[in-house]
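What follows is a single structure, written as structure tokens, with notes after it.
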Amino acid sequence: MLPLEIYKQLLVEFGPQHWWPKHCDKKRPGFDPRFEIIVGAVLTQNTSWKNVEKAIECLFEKNLLDAESISKTPLRRLESCIHSSGYYRQKAKKLKIVARFFLEHKKRPNREDLLSLWGVGKETADSILLYAFNHPIFVVDVYTRRLLAAHKQKKLSEADYDKIKGFFETQLPSDAKLFNEYHALIVRWGKEKI
DNA sequence: CTCCAGGGGGCCA
DNA sequence: TGGCCCCATGGA
């Protein structure tokens, strides 16, 4: 079955998943919803979204949901705030690095620069580019591989990240909205443990 | 009790 | 490159 048909099937079965950007409506003067997405992309590394939400809420309550604040706040304070998201020592350090990066590159980050950051791998970099900056980039994760395997694409499911990414990007129209929803639907599908 | 979540880095052969 | 181990909380 073709990737686009699988997508349509998933959309009918599960409906829109409302991933980012959704309610990034934490309205405060100068609030940049993109940075909330970036923080979420880091905090959700190998972590359930439920635990991440608590951490993001804490950051918001303490006015730490922007690059300048995260850069300036003491590491310990950051760690305690994101404690619920797990790996909190590593992630606090990652947030510091990412915050500094976005303070310096206010414009549009490219994939190579993101990947050069400690704590940002391919999936996180691509999630940031897709969900925060609306680039038509297909995000690959473990569920993507399971989906391929479930559709008799065992060989491809075991290929490296960029090969799978390239497969979907060439088989689908280059549409950020589509890639956004597709990745979310794949994750949703994966949770059903089919 | 075990298993795993919207991964990534370090190390070693 | 590929295989392991480590990071850590919270829910099922």
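Convention: sequence-line order gives letters A, B, ...; per-chain numbering from 1. Note: hydrogens, waters and symmetry copies are ignored here, and every other heavy atom, side chains too, is used.
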How many angstroms lie between atom [atom1] of [X] and atom [atom2] of [Y], to the nearest 0.5 angstrom?
X        : Y        : atom1 : atom2 : result
A:Thr47  : A:Asn51  : OG1   : CG    : 7.0 Å
A:Ser127 : A:Gln45  : OG    : CD    : 9.0 Å
A:Glu68  : A:Phe35  : CD    : CZ    : 8.5 Å
A:Tyr7   : A:Tyr182 : OH    : OH    : 9.5 Å
A:Thr44  : A:Trp49  : OG1   : CH2   : 5.5 Å
A:Glu36  : A:Ile56  : CD    : CD1   : 5.5 Å

**Asked** Is the shortest side-chain N/O distance from A:Trp20 to OP1 or OP2 of B:dG6 below 4.0 Å?
**Response** no
Considering only heavy atoms, which members of [range] lie under 4.0 Å from some atom of DNA chain C?
range                       : value
residues 76-86 of chain A   : A:His83, A:Ser84, A:Gly86
residues 88-103 of chain A  : A:Tyr88, A:Arg89, A:Gln90
residues 40-65 of chain A   : A:Asn46, A:Asn51, A:Lys54
residues 154-165 of chain A : none

Residues pairing under salt bridge (charged side-chain N to carboxylate O under 4.0 Å, His left out) where one sits in residues 85-95 of chain A, two or more places apart or in two chains, turn out to be none
Contacts satisfying salt bridge (charged side-chain N to carboxylate O under 4.0 Å, His left out) that involve residues 162-189 of chain A (not counting sequence neighbours) are A:Arg111-A:Asp162, A:Lys122-A:Asp162, A:Lys165-A:Glu169, A:Arg188-A:Glu192
Round to the nearest Å and state the distance from [X] atom [atom1] to [N] atom [atom2].
X        : N      : atom1 : atom2 : result
A:His18  : B:dG6  : NE2   : C1'   : 17 Å
A:Glu123 : B:dG9  : CD    : P     : 12 Å
A:Leu10  : B:dG6  : CG    : P     : 16 Å
A:Ile186 : B:dA5  : CD1   : P     : 15 Å
A:Phe14  : B:dG6  : CZ    : P     : 14 Å
A:Glu192 : B:dA5  : CD    : C1'   : 15 Å
A:Trp118 : B:dG10 : CH2   : P     : 7 Å

Taking only Lys NZ, Arg NE, NH1 and NH2, and the carboxylate oxygens of Asp or Glu, determine whether A:Lys54 and A:Glu57 approach each other closer than 4.0 Å. no
Note: chain A reaches DNA chain C at heavy-atom distances under 4.0 Å over the stretch, first to last nt, 5' to 3', of C:dC7 to C:dG11
Expressed as a whole number of Å, how far does the [atom1] atom of [N] sit from that of [M]?
N     : M      : atom1 : value
B:dG6 : C:dG2  : C1'   : 25 Å
C:dA8 : B:dG10 : P     : 14 Å
C:dC5 : B:dC4  : P     : 16 Å

Applied to residues 87-166 of chain A, the disulfide (SG to SG under 2.5 Å) test, sequence neighbours excluded, yields none
Disulfide (SG to SG under 2.5 Å) pairs touching residues 99-133 of chain A, sequence neighbours excluded, are none
**Request:** Please check if A:Ile82 and A:Trp118 belong to a single hydrophobic cluster, counting links between Ile, Leu, Val, Met, Phe, Trp and Tyr side chain heavy atoms closer than 4.5 Å.
**Result:** yes
**Request:** Determine, using the 4.5 Å side-chain heavy-atom cutoff (strictly less than), whether A:Leu4 and A:Tyr143 are members of one ILVMFWY cluster.
**Result:** yes
Worksheet item: Do A:Leu172 and A:Phe167 pass the side-chain contact (heavy atoms from CB on, under 4.5 Å) test, and can you show the C-alpha distance, the side-chain angles, and the key distance before you say yes or no?
Response: CA-CA 9 Å; A:Leu172 295 166; A:Phe167 170 75; over 6 Å; no
Between A:His183 and A:Leu115, the residue closer to the 5' end of DNA chain B by nearest nucleotide is A:His183
Closest non-hydrogen contact found for A:Leu43 with A:Ala55 is CD1-CB, 3.9 Å
Requested in this report: Look at all strands and tell whether A:Leu130 reaches a base, only sugar-phosphate, or nothing, counting heavy atoms closer than 4.0 Å.
Outcome: nothing
Using a heavy-atom cut-off of under 4.0 Å over every strand shown, decide if A:Arg146 touches base, sugar-phosphate, or nothing. sugar-phosphate
Note on DNA chain B: ranges paired as stems (three or more Watson-Crick/G-U pairs in a row, both atom distances under 3.5 Å) are B:2-5 with C:9-12, B:7-13 with C:1-7
Contacts of A:Phe101 meeting side chain to side chain contact (heavy atoms under 4.5 Å, CB included) (sequence neighbours excluded), chain-then-number -> A:His105, A:Pro109, A:Asp113, A:Leu114, A:Leu117
Open item on the list: Is it the case that atom CD in A:Glu104 sees more than 12 heavy atoms from other parts of the structure closer than 6.0 Å?
Closed with: yes
Would you list the atom pairs, donor with acceptor, under 3.5 Å between side chains in residues 148-159 of chain A and any protein atom, with sequence neighbours excluded?
from: A:Lys154; atom 1: NZ; to: A:Glu158; atom 2: OE2; distance (Å): 2.9
from: A:Ser157; atom 1: OG; to: A:Lys154; atom 2: O; distance (Å): 2.6

Q) Taking the six-membered ring of A:Tyr131 as reference, does the NZ or CZ atom of A:Arg34 fall below 6.0 Å from its centre and within a 45° cone about the axis? A) no
* To do: Flag as yes if A:Tyr143 stacks onto the base of B:dG6 (centroids under 5.5 Å, planes under 30°), otherwise no.
  => no
